[in-house]
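As structure tokens, the structure follows; a few thoughts come after it.
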Amino acid sequence: MKTSPILTVVFYAAVAACLWPLYVSASQVVTYVQLGVAAHKLAQIPPAVVAAAAVQAALLLWAMIAAVVLFRRKQDSFAWLVVLLVLVPMLSQLALRYV
């Protein structure tokens with residue numbers, strides 16, 4: 001499938017929007033590590049919230065890379081599906097906030 005330059009720019013803008021949920025998840029992990037280094041407590045098992053945020057950040061990063069690879073292999077519909085699945089939680093939170 002041949003895509004237009006406008007759709008390509010829109011796709012990469014959508015992938016860039018996926019950086020926000022990645023930032024939110026990764027910031028929890030970074031904060032935990034910074035506080036753990038200061039208190040010398042990184043040998044402990046992290047709380048479930050931090051572990052879940054780390055797994056979510058890893059999955060988001062993997063999904064964004066997969067979307068770009070799919071888009072470059074001309075599988076646009078699957079790439080858009082991945083991007084939309086990444087953005088759905090963020091968009092639903094925004095919708096609930098303003099309703």
Side-chain angles (χ1 to χ4, degrees):
M1 175 187 295
K2 187 172 179 171
T3 59
S4 70
I6 294 172
L7 286 177
T8 302
V9 170
V10 170
F11 174 77
Y12 283 112
V15 171
C18 295
L19 290 173
W20 179 252
L22 179 65
Y23 168 76
V24 170
S25 296
S27 65
Q28 293 176 358
V29 178
V30 169
T31 302
Y32 173 78
V33 170
Q34 287 175 341
L35 293 175
V37 167
H40 302 290
K41 293 185 177 183
L42 283 180
Q44 297 177 351
I45 296 175
V49 174
V50 175
V55 170
Q56 184 178 12
L59 286 174
L60 287 171
L61 187 61
W62 173 78
M64 290 169 51
I65 292 169
V68 170
V69 168
L70 285 169
F71 192 77
R72 289 188 177 189
R73 289 187 178 175
K74 307 294 184 203
Q75 297 178 351
D76 302 348
S77 57
F78 290 120
W80 276 107
L81 178 65
V82 170
V83 168
L84 290 176
L85 287 175
V86 168
L87 290 177
V88 162
M90 181 182 69
L91 295 175
S92 64
Q93 287 176 354
L94 284 173
L96 289 176
R97 180 178 290 171
Y98 294 113
V99 171

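The basis for the numbers below is simple: all heavy atoms, side chains too, and nothing from hydrogens, waters or symmetry mates.
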T8 meets the side-chain hydrogen bond (donor to acceptor under 3.5 Å, both in side chains) criterion, sequence neighbours left out, with T3

Using the rule that two of Ile, Leu, Val, Met, Phe, Trp, Tyr join whenever any of their side-chain heavy atoms come within less than 4.5 Å, decide whether L19 and V24 are in one cluster.
yes

Return the CG to CG distance between L87 and L60, rounded to the nearest 0.5 Å.
9.5 Å

So, using side-chain hydrogen bond (donor to acceptor under 3.5 Å, both in side chains) as the criterion, who are the partners of Y12 when residues are at least two apart?
R72

Taking atom CD of Q34 and atom OG of S27, what is their separation to the nearest 0.5 Å?
10.0 Å

Q28 side chain reached by V49 side chain, heavy atoms, under 4.5 Å
yes

Please report the shortest heavy-atom distance between Y32 and P47, naming the atom on each side.
CE1-CD, 3.5 Å

Could you tell me the separation between the CG atom of L22 and the CE atom of M90, rounded to the nearest 0.5 Å?
11.5 Å

Joint hydrophobic cluster, V83 plus W62, side-chain heavy atoms closer than 4.5 Å:
no

Residues L70 and A79: closest non-hydrogen pair is CB-CB, 3.9 Å

Group every Ile, Leu, Val, Met, Phe, Trp and Tyr by side-chain heavy-atom contacts under 4.5 Å, then state whether V86 and L91 land in the same group.
yes

Parallel, tilted or perpendicular: ring planes of F11 versus W80, cut at 30 and 60 degrees:
perpendicular

Indicate if V10 and V15 have the same hydrophobic cluster label, given that clusters are the connected sets of ILVMFWY residues with side-chain heavy-atom separations under 4.5 angstrom.
yes

Can you see which heavy atom on A57 is nearest to which on A26, and at what distance?
CB-N, 4.2 Å

Once ring pair (Phe, Tyr, Trp, His ring centres under 6.0 Å) is applied, do any residues pair with W20, and if so which ones, sequence neighbours excluded?
Y23

Distance check, rounded to the nearest 0.5 Å: I65 atom CD1 versus C18 atom SG?
12.0 Å

